[in-house]
J.: 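Starting off with a structure, shown below.
The analysis underlying the following values was restricted to heavy atoms, covering all of them including side chains, and did not include hydrogens, waters or symmetry mates.
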Amino acid sequence: GLLLTHLQVEHRERLFTAPDMEYPLQATLGDGELELLGYALPDEPVAPGEVARLTLCWRAMRRPATAYTVFVHWLDGQGAYCGGQDNMPVMGQRPTDGWVPQEVVVDEWQIPLPADMPPGVYQIEVGMYDAKTGQRLPIYLDGVCQDQDRLLLPNGLTVP
């Protein structure tokens, strides 16, 4: 009889063309080694205790020497931190020091909101830092250096 072997291939195809992003933008990190090409964020409100989804689309302009940590944080109307997550891209599976020049990485986040999160519209700040030093990469949006080395996404997260 025939022996059929099923090979589980864990090799991920590298992507070099950016998918269409719901909210395209032109942001550069560090000294131009990385770009944030855009993001996707569901429009509907996310109730406390539910999971908020956010997709970030990164591109490496050259191979980063460092495995940076990405942060996605919720800020209240006063700009105070209200939760979020810090992770290497793609749930830790795609460290930036393994990216190759011109590679596009689609980075999907699913972040549970605290059960006691007060209602309101929260700003979302994103960026990258070196976990060894805590030093954030500077971010430039349309050439303008962003305050506190973070990018505030134009669209917020609504908690009913």
Side-chain angles (χ1 to χ4, degrees), residues 12-48 50-64 66-77 79-114 117 119-131 135-160:
R12 247 192 213 83
E13 290 294 315
R14 291 187 188 268
L15 193 63
F16 291 96
T17 309
D20 286 334
M21 293 306 285
E22 192 180 0
Y23 301 108
L25 36 90
Q26 187 56 55
T28 310
L29 288 85
D31 53 4
E33 59 188 329
L34 294 158
E35 291 181 335
L36 179 61
L37 301 177
Y39 65 98
L41 181 71
D43 289 332
E44 59 270 11
V46 183
E50 298 286 303
V51 172
R53 296 170 192 278
L54 170 70
T55 303
L56 301 172
C57 185
W58 306 101
R59 179 164 61 196
M61 298 315 287
R62 53 180 190 276
R63 182 188 280 266
T66 305
Y68 295 112
T69 300
V70 178
F71 61 88
V72 174
H73 296 159
W74 321 129
L75 307 175
D76 68 13
Y81 172 83
C82 293
Q85 262 179 25
D86 294 28
N87 242 327
M88 289 204 180
V90 195
M91 304 310 290
Q93 295 171 22
R94 295 298 319 276
T96 54
D97 59 357
W99 298 3
V100 299
Q102 299 301 319
E103 180 173 6
V104 172
V105 175
V106 176
D107 185 15
E108 297 188 358
W109 292 69
Q110 297 187 24
I111 308 178
L113 300 187
M117 194 156 174
V121 177
Y122 291 83
Q123 280 200 292
I124 304 170
E125 63 167 11
V126 302
M128 286 191 186
Y129 64 92
D130 182 346
Q135 184 71 45
R136 287 184 179 183
L137 286 178
I139 297 195
Y140 301 85
L141 181 62
D142 301 322
V144 179
C145 192
Q146 300 297 290
D147 192 35
Q148 298 179 41
D149 299 331
R150 49 99 191 265
L151 183 64
L152 289 171
L153 299 184
N155 301 71
L157 171 80
T158 303
V159 177

J.: What distance do Leu54 atom CG and Glu108 atom CD have between them, rounded to the nearest 0.5 Å?
T.: 9.5 Å
J.: Could you report the tightest heavy-atom contact between Val46 and Val51, atom names first, then the distance?
T.: CG1-O, 3.7 Å
J.: Are the side chain of Trp109 and the backbone of Ala52 linked by a donor-acceptor contact shorter than 3.5 Å?
T.: no
J.: Has Arg59 got a side-chain atom pairing as donor or acceptor with Leu34's backbone, closer than 3.5 angstrom?
T.: no
J.: Got a list of side-chain donor-acceptor pairs under 3.5 Å for residues 148-160, not counting sequence neighbours?
T.:
{"residue": "Arg150", "atom": "NH1", "partner": "Glu125", "partner atom": "OE1", "Å": "2.6"}
{"residue": "Asn155", "atom": "OD1", "partner": "Tyr39", "partner atom": "OH", "Å": "2.5"}
{"residue": "Asn155", "atom": "ND2", "partner": "Tyr23", "partner atom": "OH", "Å": "3.4"}

J.: Rounded to the nearest 0.5 Å, how far does CD of Gln123 lie from CG of Asp76?
T.: 9.5 Å
J.: Could you walk me through whether Thr66 and Met128 pass side chain to side chain contact (heavy atoms under 4.5 Å, CB included), step by step?
T.: CA-CA 11 Å; Thr66 305; Met128 286 191 186; over 6 Å; no
J.: Got Asp142 and Gln26 here, is their nearest side-chain heavy-atom distance under 4.5 Å?
T.: yes
J.: Could you tell me whether a side-chain N or O of Thr55 sits under 3.5 Å from a main-chain N or O of Val106, the two making a donor and an acceptor?
T.: no
J.: Which pair of non-hydrogen atoms, one from Leu37 and one from Ala18, has the smallest distance, and what is that distance?
T.: CD1-CB, 3.6 Å
J.: So which atom in Pro64 and which in Tyr68 form the shortest heavy-atom distance, rounded to 0.1 Å?
T.: CB-CE1, 4.1 Å
J.: Tell me if the CZ atom of Arg62 is crowded by more than 12 foreign heavy atoms within 6.0 Å.
T.: yes
J.: To the closest 0.5 Å, what do you measure between CZ (Phe71) and CZ (Arg136)?
T.: 3.5 Å
J.: Please determine whether the number of non-hydrogen atoms from other residues, nucleotides or ligands lying under 6.0 Å from atom CD of Gln102 exceeds 12.
T.: yes
J.: Does Glu35 reach the main-chain N or O of Met61 with its side chain, forming a donor-acceptor pair under 3.5 Å?
T.: no
J.: Do Leu25 and Leu36 have side chains that approach each other closer than 4.5 Å (heavy atoms only, starting at C-beta)?
T.: yes
J.: If I take atom SG from residue Cys82 and atom CG from residue Leu75, how far apart are they, to the nearest 0.5 angstrom?
T.: 7.0 Å
J.: From Leu141 CG over to Thr28 OG1, what is the distance, rounded to the nearest 0.5 angstrom?
T.: 8.5 Å
J.: If I take atom OG1 from residue Thr96 and atom CG from residue Leu137, how far apart are they, to the nearest 0.5 angstrom?
T.: 8.5 Å
J.: What I'd like to find out is whether the side chain of Val126 reaches to under 4.5 Å of the side chain of Val70, using heavy atoms alone.
T.: no
J.: Give me the atom names and distance for the closest heavy-atom approach of Tyr81 to Gly84.
T.: OH-N, 3.8 Å
J.: Quick one: side chains of residues 85-92, donor-acceptor pairs under 3.5 Å with protein atoms, not counting sequence neighbours, listed by atom name and distance.
T.:
{"residue": "Asp86", "atom": "OD1", "partner": "His73", "partner atom": "NE2", "Å": "2.7"}
{"residue": "Asp86", "atom": "OD2", "partner": "Tyr129", "partner atom": "OH", "Å": "2.8"}

